[in-house]
Amino acid sequence: MIPNLTEDEKFEQVTSVLSKRFSTHGFHRVRTPAFERYDLYSKVTSSVNRKEMVKIVDPAGDVLVLRPDVTIPITQELSRSETKLTSERRFYYIQEVFRRSSDPTEKIERTQSGIEYFCESSPEVDAETIVLALQTMKDLKFQDIKVEIGHTAFFQEMIAKLPLTELQLDQLKALIQAKNSVEIAPFLKNVDADPDMKYAIMQIPHLYGKPEDVLRRAKEISTAFRMEETLSYVGEVCRRLSAQGFEEQIVIDFGLINRMDYYSGILFQGYVGHFGKPVLMGGRYDRLGYEFGADLPAIGFACEIESLLKASDNQKLLKG
């Protein structure tokens with residue numbers, strides 16, 4: 001980014017770069033309403049945490065929410081015209097989302113930008129989407145770019161037969177996300193499950209690193225054919241990324257569990273140097289359309305403009 005710009009000018013520069021990259025790849029800009037009916041999010045089983053929503057009551061007594069998510073309303077809107085995807089559709093957006101945070105220093109309003117690519121699932125398409133994410137971060141002049149890649153099926157297949165309550169499942173997810181392997185063993189001690197399965201679950205936090213190494217170790221603890229299919233799929237995505245020159249930028253993390261439950265396949269997060277949080281998050285959500293009576297497989301990713309600006313400022317400071 002050009003030095004000595006005001007914050008507003010930096011903001012406009014970033015959104016301009018994103019718009020150019022997305023439109024160059026055939027994505028068309030769309031907007032969703034700022035206010036949505038609360039039912040849209042409360043009745044969708046894979047949705048935003050309701051405690052994070054900013055609710056208001058309109059004069060008619062209906063409960064509305066300020067837009068907490070963009071993927072859900074875009075999917076609902078497409079479902080009104082297509083009950084089954086007949087050809088690929090590409091959309092992008094740049095608009096505000098509103099969520100309450102447990103951190104009082106976090107703003108409720110943030111500007112989010114992202115893409116929604118409605119298409120059939122394949123390693124080719126998923127790799128293409130991750131390449132777009134990598135190119136977007138390169139366009140913004142970030143250094144030390146990394147993309148962590150996971151897959152929802154790997155964890156889901158392991159825990160599918162475990163007799164866990166919803167609270168226990170949330171606790172286990174939190175331990176895995178934190179890579180807290182020390183506490184996973186005591187947690188599983190009283191769970192009625194096969195010892196081999198418990199051992200496999202305890203290995204998840206360690207399944208992080210270079211694709212070839214992680215896939216080999218993951219295959220050693222694979223206990224179901226579905227998991228082997230998942231490993232093969234992720235391996236093919238990684239091979240395609242390597243073939244396009246991104247071998248050094250990709251790592252596998254099978255402990256990656258996204259907070260948005262509507263993801264149902266490949267997951268990925270983008271990181272840049274000297275910034276401790278992801279600047280970009282995405283994945284495949286083939287089943288979300290079913291919530292609206294439509295078959296609309298898709299993959300997408302999103303980033304918050306404010307995080308991109310902070311990450312950029314951090315890198316400039318460290319350069320001196």
Checklist entry - Under 6.0 Å from the CZ atom of Arg287, do we count more than 12 heavy atoms belonging to anything else shown? => result no
Checklist entry - Are more than 12 heavy atoms from other residues, nucleotides or ligands located less than 6.0 Å from atom CD of Glu248? => result no
Item to check | Lys198 and Asp194: CA distance, side-chain angles, deciding distance, salt bridge (Lys or Arg N to Asp or Glu O under 4.0 Å) verdict | outcome: CA-CA 6 Å; Lys198 290 183 180 182; Asp194 181 271; over 6 Å; no
Checklist entry - Between Val279 and Cys303, what is the shortest heavy-atom contact and its length? => result O-CB, 3.0 Å
Item to check | salt bridge (Lys or Arg N to Asp or Glu O under 4.0 Å) partner of Arg89, chosen from Glu77, Glu82, Glu116 | outcome: Glu82
Checklist entry - Going only through I, L, V, M, F, W and Y residues with side-chain contacts under 4.5 Å, is there a path from Ile305 to Met137? => result yes
Checklist entry - Can Asp286 and Tyr263 be counted as having a side-chain donor-acceptor contact under 3.5 angstrom? => result no
Checklist entry - Do other residues, nucleotides or ligands put more than 12 heavy atoms under 6.0 Å from Glu228 CD? => result yes
Checklist entry - Are Tyr285 and Tyr290 grouped together when hydrophobic residues (ILVMFWY) are joined by side-chain heavy atoms under 4.5 angstrom apart? => result no
Item to check | Check against salt bridge (Lys or Arg N to Asp or Glu O under 4.0 Å), Lys310 and Glu306 | outcome: CA-CA 6 Å; Lys310 286 179 183 177; Glu306 292 82 358; over 6 Å; no
Checklist entry - With the 4.5 Å side-chain cut-off for hydrophobic clustering, are Tyr199 and Leu175 part of the same group? => result yes
Checklist outcome for this item: What one should report as the nearest heavy-atom pair of Val191 and Pro163 is CG1-CD, 4.0 Å
Next on the checklist: Show, in sequence, the C-alpha distance, side-chain angles and deciding distance for Phe301 and Ile130, and conclude whether the side chain to side chain contact (heavy atoms under 4.5 Å, CB included) test is met.
Outcome noted: CA-CA 9 Å; Phe301 64 80; Ile130 296 172; over 6 Å; no
Next on the checklist: Assess whether a salt bridge exists between Lys146 and Glu148, defined as any Lys/Arg side-chain N lying under 4.0 Å from an Asp/Glu carboxylate O.
Outcome noted: no
Item to check | Side-chain touch Met197/Met158, heavy atoms, less than 4.5 angstrom | outcome: yes
Next on the checklist: Looking at every non-hydrogen atom in both residues, tell me the closest pair between Ile149 and Leu256 and how far apart they are.
Outcome noted: C-CD2, 4.4 Å
Next on the checklist: More than 12 heavy atoms of other residues, nucleotides or ligands under 6.0 Å from NZ of Lys210: yes or no?
Outcome noted: no
Checklist entry - When clusters are formed by joining ILVMFWY residues with side-chain heavy atoms under 4.5 Å apart, either directly or through shared neighbours, do Tyr208 and Ile250 land in the same one? => result no
Checklist entry - What do you reckon, is CG of Asp58 surrounded by more than 12 foreign heavy atoms closer than 6.0 Å? => result yes
Next on the checklist: Around atom NZ of Lys179, are there more than 12 heavy atoms from other residues, nucleotides or ligands closer than 6.0 Å?
Outcome noted: yes
Item to check | Residue pair Tyr41, Glu36: steps toward the side chain to side chain contact (heavy atoms under 4.5 Å, CB included) verdict | outcome: CA-CA 9 Å; Tyr41 298 95; Glu36 295 278 8; 3.8 Å; yes
Checklist entry - Is there a side-chain contact between Phe22 and Ser113, using heavy atoms and a 4.5 Å cut-off? => result yes
Checklist entry - Would you say Glu96's side chain and Gln112's backbone share a donor-acceptor pair under 3.5 angstrom? => result no
Item to check | Under 3.5 Å side-chain donor-acceptor pair for Thr32 and Arg67 | outcome: yes
Checklist outcome for this item: Heavy-atom nearest pair, Leu231 first then Ala218, reads CD2-CB, 3.6 Å
Item to check | side chain to side chain contact (heavy atoms under 4.5 Å, CB included) between Arg21 and Gln135, intermediate numbers included | outcome: CA-CA 8 Å; Arg21 171 56 66 182; Gln135 289 173 330; 3.6 Å; yes
Checklist entry - Is any side-chain heavy atom of Phe246 less than 4.5 Å from a side-chain heavy atom of Lys138? => result yes
Next on the checklist: Would Lys10 and Glu7 count as a salt bridge (Lys or Arg N to Asp or Glu O under 4.0 Å) here? Give the steps.
Outcome noted: CA-CA 5 Å; Lys10 291 178 185 177; Glu7 287 304 306; 3.4 Å; yes
Checklist entry - Which atom names give the shortest non-hydrogen contact between Cys119 and Arg284, and what distance separates them? => result O-NH1, 3.3 Å
Item to check | Check against side chain to side chain contact (heavy atoms under 4.5 Å, CB included), Ile159 and Lys173 | outcome: CA-CA 10 Å; Ile159 57 92; Lys173 285 182 178 180; over 6 Å; no
Checklist entry - Side chains of Asp126 and Tyr233: do they bring a donor and an acceptor to under 3.5 Å? => result yes
Next on the checklist: Assigning hydrophobic clusters by single linkage (Ile, Leu, Val, Met, Phe, Trp, Tyr; side-chain heavy-atom cutoff under 4.5 Å), is Ile74 placed with Leu66?
Outcome noted: no
Next on the checklist: Assess, by modelled atom type and distance only, whether the side chains of Tyr262 and Glu291 contain a donor and an acceptor separated by less than 3.5 Å.
Outcome noted: no
Next on the checklist: Quick check: closest heavy atoms across Ile72 and Asp69, and the distance to 0.1 Å?
Outcome noted: N-OD2, 2.8 Å
Item to check | Neighbour count above 12 (heavy atom, 6.0 Å) for Glu109 CD | outcome: yes
Checklist entry - Quick one: ring-ring contact (aromatic ring centres under 6.0 Å, His included) partners of Tyr117, sequence neighbours excluded? => result Phe27
Next on the checklist: Atom CZ of residue position Arg216 - does it have more than 12 heavy atoms of other residues, nucleotides or ligands inside 6.0 Å?
Outcome noted: yes
